[in-house]
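Everything quoted here is computed from the prediction, not taken from an experiment. Residue numbering restarts at 1 for every chain, and letters A, B, ... go by the order of the sequence lines.
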There are 2 protein chains.
Amino acid sequence: MKKKIITLKDLAKRLNISPSTASRALNDHPDISIETKQKVKDLARNLNYVPNLFAKGFRSHRSNILGVIVPNITHYFTTTLIRGILEEANLQGYKVIISESNNDVKKQTEMLNTMLQFGVDGVLMSISKMTKDVDDILKVLNTVPLILFDKASNKIPCTQVVINEEEAAFNAVEHLINIGKKRIAIIKETEYSFTSEKRYHGYLRALKENNIPLDNKIVLSVEDISMHQGKRMTNILLSLKEKPDAIFAITDSAAIGVIKTLKKLSIKIPEDIAVVGFSNSTNSQIIEPKLTTIDQPGQKIGSTAVKQIIEEINSTNQINVNKTIEIKTNLIIRDSSFKI
Amino acid sequence: MKKKIITLKDLAKRLNISPSTASRALNDHPDISIETKQKVKDLARNLNYVPNLFAKGFRSHRSNILGVIVPNITHYFTTTLIRGILEEANLQGYKVIISESNNDVKKQTEMLNTMLQFGVDGVLMSISKMTKDVDDILKVLNTVPLILFDKASNKIPCTQVVINEEEAAFNAVEHLINIGKKRIAIIKETEYSFTSEKRYHGYLRALKENNIPLDNKIVLSVEDISMHQGKRMTNILLSLKEKPDAIFAITDSAAIGVIKTLKKLSIKIPEDIAVVGFSNSTNSQIIEPKLTTIDQPGQKIGSTAVKQIIEEINSTNQINVNKTIEIKTNLIIRDSSFKI
DNA sequence: CTGAAAGCGCTTACAG
DNA sequence: CTGAAAGCGCTTACAG
């Protein structure tokens with residue numbers, strides 16, 4: 001039993017008014033009298049009238065759909081970003097189409113294009129690492145507002161919503177210095193990763209401001225940061241003549257690899273070597289000792305990005321907004337860097 | 001610089017044919033000559049013609065958008081489901097709108113309704129626990145195909161894509177029996193959780209087939225299963241006169257709570273008490289000893305659900321499909337139940 | 001304060 | 001094999 005779908009025309013006919021009036025009444029157009037508005041709205045409610053968003057969107061060139069592209073949806077932090085996006089979008093009457101780029105630049109471009117084809121009103125993107133050529137992304141900017149969140153790039157002139165990467169890393173490293181560590185290694189990614197570079201700058205600044213000389217032997221870069229790489233890098237660090245007394249890994253998974261390796265070798269954490277990660281993943285509380293790490297407020301980043309893009313969608317002036325919104329992070333101190 | 005958008009009419013005008021013909025050519029209508037088709041397709045490619053899916057959808061009552069509702073997007077397993085859904089949808093030219101119900105039945109209904117309003121061609125849903133009243137869900141069935149995946153319910157007559165919950169639990173418990181355990185406790189949810197009940201039946205069957213008597217003192221039910229509850233329940237079990245020699249928790253997080261508590265009390269795992277979880281979450285490999293658990297192929301469930309719903313969307317007969325597709329799981333044996 | 005009419009971009013039954 | 005015409009449900013400039 002298919003139920004009959006109520007249209008604007010149906011409402012109008014029942015009330016002996018024109019569809020134009022019915023439309024305007026529902027949209028609170030100032031021209032319409034209060035009584036008419038009331039009548040129309042009441043009937044709409046009673047008949048359970050549902051506006052056909054397709055017709056609406058088709059007519060007004062608005063879909064009320066946002067596109068979201070992320071590299072990898074299975075990362076816990078990514079899901080908190082998405083949660084923030086979904087919640088805020090829902091509040092504002094938008095729906096969200098999600099795609100994964102799998103850190104594949106070609107797929108990223110493809111996703112971007114099908115998003116546009118589906119008529120999204122704006123795109124929120126966390127860019128794939130290794131995105132060197134940004135031309136395809138720049139093209140989008142002519143069509144629809146774009147906002148980069150979390151994984152951003154200063155090569156793209158659009159609003160960016162990110163965490164204070166540099167400061168977060170600075171705080172993490174300074175914390176290690178404060179507990180008495182003097183030889184702090186870092187495990188980071190190669191220079192193609194924007195976030196990794198920013199965290200590295202925070203590391204450098206913390207050393208400099210505390211008069212600790214930089215030693216490139218304990219600055220390790222890997223292409224694909226992971227638990228496995230954390231283990232490998234730890235073994236390299238332990239093979240040095242002058243071993244570090246602390247390791248700052250720029251992701252939790254790498255930091256967990258570090259901890260696992262140290263434990264296997266019965267190296268005391270944090271006494272011999274302290275460990276700090278980045279992300280406050282769920283794993284960071286499961287590992288023992290629990291991992292000191294940076295909490296990134298994913299939900300807030302997501303909701304901020306949505307608020308921002310809706311503003312840009314509704315703004316009439318076409319000037320490309322090009323600002324960076326930085327969300328504050330929190331250092332969470334746990335057992336891997338602090339003995340109770 | 002807004003770029004001019006190419007429409008079907010533009011294509012037609014350039015080729016001196018009618019828009020109708022252009023439309024048919026692009027859609028490979030059998031009536032159209034091969035040469036015309038070729039001409040139109042070539043021009044479309046050259047001009048970078050992008051069909052307006054809004055107009056298309058508006059006209060044909062098809063959006064090529066699927067709605068997905070899950071209780072909680074931050075669970076790792078849920079993200080693997082979503083990944084499977086996204087991949088298969090992408091292959092088939094569909095986009096996916098995602099919403100979270102947060103295990104809130106009211107929100108679930110609300111999401112369901114806005115999904116329909118956005119003109120989705122079908123809905124894939126993992127239902128919120130505590131969904132007792134299914135009337136609102138049943139209403140959807142009149143409008144658009146619905147498929148339940150992972151968290152399903154036999155009260156709703158539609159296709160269900162689930163894992164072999166009962167058998168998975170059976171295998172887990174039988175494994176414990178095989179390694180010599182005789183007094184196996186279970187930590188499950190209350191009877192409102194469909195999956196929990198099925199896993200419980202697997203537990204019961206494993207006991208029965210191995211002639212182990214059921215003891216209700218070691219069958220514990222909680223409303224909201226979690227690591228915290230795992231800890232609490234473990235303490236209850238340890239306070240019994242006859243302690244269990246194995247604990248089967250129906251989620252990994254609860255199992256991790258069990259392990260943490262046992263370790264704190266220096267109870268040997270698995271010698272004194274073996275532990276088995278369910279899900280193969282990332283955490284299950286971080287905890288030490290590593291957790292024996294059930295791997296659920298999330299991606300396969302997701303892709304299967306998409307294949308199924310697209311079939312139903314395209315099928316002309318309106319008979320409500322009401323079949324259950326069971327996806328096989330795998331018991332992953334790790335240190336929490338097996339000493340190397 | 002309200003209505004008639006046009007049109008958004010496409011598809012499809014009808015006609016030839 | 002192709003075209004003219006209608007229409008999907010809505011909004012909005014124009015007219016009164």
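Rounded to a whole Å, the CD1 atom of B:I6 is 11 Å from the P atom of C:dC10. Taking atom CG on A:N27 and atom C1' on D:dC10, their separation rounds to 10 Å, with Å as the unit. As rounded to whole Å, 17 Å separates atom P of D:dG9 from atom CG of B:N52. In this structure, B:F118 atom CZ and D:dG9 atom P are separated by 18 Å, rounded to whole Å. Computed from coordinates, the A:K37 NZ to C:dC1 P distance equals 9 Å when rounded to whole Å. Following rounding to the nearest Å, A:H29 (NE2) and C:dT2 (C1') show an atom-to-atom distance of 11 Å. The CG atom of A:L15 sits 18 Å away from the P atom of C:dC1 (whole-angstrom rounding). Here the P atom of nucleotide C:dC1 and the CD1 atom of A:I34 are 8 Å apart, to the nearest Å.
Within 4.0 Å of B:D31, counting heavy atoms only, lies at least one base atom of the nucleic acid.
For A:T36, a side-chain nitrogen or oxygen approaches OP1 or OP2 of C:dT2 to under 4.0 Å. OP1 or OP2 of C:dC10 lies within a sub-4.0 Å distance of a side-chain N or O belonging to B:Y49. The phosphate of C:dG3 has OP1 or OP2 within less than 4.0 Å of a side-chain N or O from A:S18.
For C:dA4, there is no paired nucleotide, since no Watson-Crick or G-U wobble pair has both relevant distances below 3.5 Å.
Between B:D42 and B:R45, at least one side-chain nitrogen of the basic residue sits less than 4.0 Å from a carboxylate oxygen of the acidic one, meeting the salt-bridge criterion. Ion pairing of A:D121 with A:K95 is absent here, as no side-chain N (NZ or NE/NH1/NH2) approaches a carboxylate O to less than 4.0 Å. Using a 4.0 Å cut-off between a side-chain N of Lys or Arg and a carboxylate O of Asp or Glu, A:R24 and A:D31 do not qualify as a salt bridge. Classification of A:K155 and A:D135 as a salt-bridged pair fails, no side-chain N sitting under 4.0 Å from a carboxylate O.
Remark: the separation of the P atoms in D:dC14 and D:dC10 is 24 Å, to the nearest Å. The P atoms of D:dA6 and D:dT2 are separated by 23 Å, rounded to the nearest whole Å.
Here B:Q160 contributes atom CD and B:K151 contributes atom NZ; the two are 13.5 Å apart, rounded to the nearest 0.5 Å.
Relative to the side chain of A:I32, the nucleotides C:dT2, C:dG9, D:dT2 differ in distance, and C:dT2 lies closest. Side-chain proximity of A:S20 to the nucleotides C:dG3, C:dT12, D:dT2 is greatest for C:dG3. Side chain of B:T7, nearest nucleotide from C:dC10, D:dG9, D:dG3: C:dC10. Distance from the side chain of B:T21 is smallest for D:dT2 among the nucleotides D:dT2, D:dT12, C:dT2.
For B:R24 and B:V50, each mapped to the nucleotide of DNA chain C holding its nearest heavy atom, the one lying further toward the 5' end belongs to B:V50.
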